[in-house]
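Below is one structure, written out as structure tokens, with a few remarks after it.
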There are 2 protein chains.
Amino acid sequence: MSETRQRIVAAATELFHRHGFQATSLAAIQQHADVRGGSLYYFFRTKEELLQVTLERYSEILDEAIMDPAFAGAEDPIERVFEVLGQYRSMLVATDFALGCPIGNLAVEMVECGPEIREGLIGDFDLWSRKIEACLDAATDRLPPGVDRTRLAGFVLVVMEGAVLVARGRREIKPFDDAVAQLRDYFDRLTAATPSCEPDAGRVGPDTTNAS
Amino acid sequence: MSETRQRIVAAATELFHRHGFQATSLAAIQQHADVRGGSLYYFFRTKEELLQVTLERYSEILDEAIMDPAFAGAEDPIERVFEVLGQYRSMLVATDFALGCPIGNLAVEMVECGPEIREGLIGDFDLWSRKIEACLDAATDRLPPGVDRTRLAGFVLVVMEGAVLVARGRREIKPFDDAVAQLRDYFDRLTAATPSCEPDAGRVGPDTTNAS
DNA sequence: GTCTATATATTGATAGAC
DNA sequence: GTCTATCAATATATAGAC
């Protein structure tokens, strides 16, 4: 693995995340990677081929930057799900909403693209969902018997992407926090739900709904 | 109001929605509006100024294309919320995932932009949320007493944006349908919830969770 | 108001020296 | 492998005739 190639991928990874695919020129990538001239084409035939490699790199970063620190922040599997959301919150606030979800951004931007890009996006979405689903699997006994955990994990992904999108659009963290609080209320009701009327069913109260 | 100007705005409205802001050239807009040459600059000083007008136009289209037909499809206020989501589903399927939410797309794409664009995006988000909130207000008696309906309306927006984003990224409608089904389950649990243990609390069962 | 013609900058990509 | 030099296309925006 050439060290030059790594610098190019690292630069593309960051700039595509920050500015998007179209808004990032190859000249900017070359400058950021300290590679002069068109020697970028020695490693990648087109800009889209570079994006393809970047999408594979994002699957590695997902663990390093999101999942590992989130899982280290909590033992409880359901709390880990919300720790993951907390990682995105931290990224939004720390960068003043400059950085959102790189996969979500590209899913919006790459309307017309080759099949390789599409497969990369789907692969990253799959990876993300599976990590969350594993948490839900570990909490099976606290969820209602009939819950489709794959579907619920997909719902967490949808809420994360939507919350990041709206928060970045509005440039304020409140809509993100509100969405997470609402998802928390849903999980509270799921974990409190019981087939019949049992003592601790009283947790389904109005309080959890209004928690800020 | 010049008729030429209207044609330009209509062309920009469609092309920005379909291909995005950056991917739409002014030449394409001129061609689509049947306006030759740079006479576009008689009405708009910059491309971003044209986008600004387009954002105002989207607030009108929201009623025409989404809210009016959705509200006509159901009398029940909560059903109307899900009819709104159904409108986005129809748009995704009918266009083979080419058209998503124009506001959501621009919220992702317009990272660095002038304050006018930001205000336009926020205004459109506000308008959308208020329409949903009005539905929730009409269903106050069926929701738990303490529910923050503004926050719940924001959650519906987040789920819609996230569901459209993931469905378009994956190019399949299933993640959208799954997210809507999960939101439906949440609403079922909300409307079934009662302060204490009452007869019809049995609706909080495992069945609703697995409904496809 | 609408047009033609064009300025100016930047884009992704290529050719070829070393 | 990495560089310099450059191509051809396209972008936004402007000037000025009619």
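Keep in mind that the numbers below use all heavy atoms, side chains included, and drop hydrogens, waters and symmetry copies. Protein chains get the first letters and strands the later ones, always in sequence-line order, with residue 1 at the start of each.
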Checklist entry - Checking side chain to side chain contact (heavy atoms under 4.5 Å, CB included) for the pair B:L85/B:L183: CA distance, chi angles, key distance, verdict? => result CA-CA 11 Å; B:L85 299 179; B:L183 185 69; 3.8 Å; yes
Checklist entry - Who are the side chain to side chain contact (heavy atoms under 4.5 Å, CB included) partners of A:E112, not counting sequence neighbours? => result B:H19
Checklist entry - Short question: side chain of B:E109, backbone of B:Q22 - any donor-acceptor pair under 3.5 Å? => result yes
Item to check | A:F21 CZ to A:E48 CD distance, which is reported to the nearest 0.5 Å | outcome: 5.5 Å
Next on the checklist: Less than 4.0 angstrom from a charged side-chain N to a carboxylate O is my criterion; do B:E64 and B:R57 meet it?
Outcome noted: yes
Checklist entry - Can you name the residues that form a side chain to side chain contact (heavy atoms under 4.5 Å, CB included) with A:A12, not counting sequence neighbours? => result A:F16, A:I29, A:L50, A:T54
Next on the checklist: Considering only residues two or more places apart or on different chains, which pairs with a residue in residues 166-175 of chain A satisfy salt bridge (Lys or Arg N to Asp or Glu O under 4.0 Å)?
Outcome noted: A:R170-A:E172, A:R170-B:D126, A:K174-A:D178
Item to check | Rounded distance in Å - CD1 (A:I8) to C1' (C:dG12) | outcome: 15 Å
Next on the checklist: I'd like to check the side chain to side chain contact (heavy atoms under 4.5 Å, CB included) partners of B:R80; sequence neighbours left out, ordered by chain and number.
Outcome noted: B:F71, B:A74, B:E75, B:C135
Checklist entry - Can you list the stems that DNA chain C is part of, where a stem is at least 3 pairs in a row, each Watson-Crick or G-U, with both distances below 3.5 Å? => result C:1-7 with D:12-18, C:9-18 with D:1-10
Considering only nitrogen or oxygen atoms on both sides, find all protein atoms under 3.5 Å from nucleotides 2-5 of chain C and state each distance.
from, atom 1, to, atom 2, distance (Å)
C:dT2, OP1, B:T4, OG1, 2.8
C:dC3, OP1, B:R36, NH2, 3.3
C:dC3, OP2, B:R36, N, 3.4
C:dC3, OP2, B:R36, O, 3.3
C:dC3, OP2, B:S39, OG, 3.3

Item to check | Interatomic distance, A:Q30 CD vs D:dT4 P [rounded to whole Å] | outcome: 11 Å
Checklist entry - Can the ring centres of A:F176 and A:Y88 be said to be less than 6.0 Å apart? => result no
Item to check | Carboxylate-amine/guanidinium proximity below 4.0 Å for B:R142 and B:D76 | outcome: yes
Next on the checklist: Suppose we screen for ring pair (Phe, Tyr, Trp, His ring centres under 6.0 Å). Which residues come up paired with A:F125, at least two apart in sequence or across chains?
Outcome noted: none
Checklist entry - Heavy atom of residues 44-58 of chain B under 4.0 Å from DNA chain D: which residues? => result B:T46, B:K47
Next on the checklist: If I take atom CG from residue B:L51 and atom NZ from residue B:K47, how far apart are they, to the nearest 0.5 angstrom?
Outcome noted: 9.0 Å
Checklist outcome for this item: Across all chains, not counting sequence neighbours, the salt bridge (Lys or Arg N to Asp or Glu O under 4.0 Å) partners of A:R7 are A:E3
Checklist entry - Does the side chain of B:Y41 get closer than 4.0 angstrom to OP1 or OP2 of D:dA13 through an N or O atom? => result yes
Checklist outcome for this item: side chain to side chain contact (heavy atoms under 4.5 Å, CB included) filter on B:D124, not counting sequence neighbours, yields B:L55, B:Y58, B:S59, B:I103
Checklist entry - Using a heavy-atom distance cut-off of less than 4.0 Å, which residues of residues 13-25 of chain A contact DNA chain C? => result A:T24, A:S25
Checklist entry - Cation over ring, B:R184 on B:F82, under 6.0 Å and within 45°? => result yes
Give every pair of a protein N or O atom and an N or O atom of nucleotides 16-18 of chain C that lie under 3.5 Å apart, one pair per line with the distance.
none

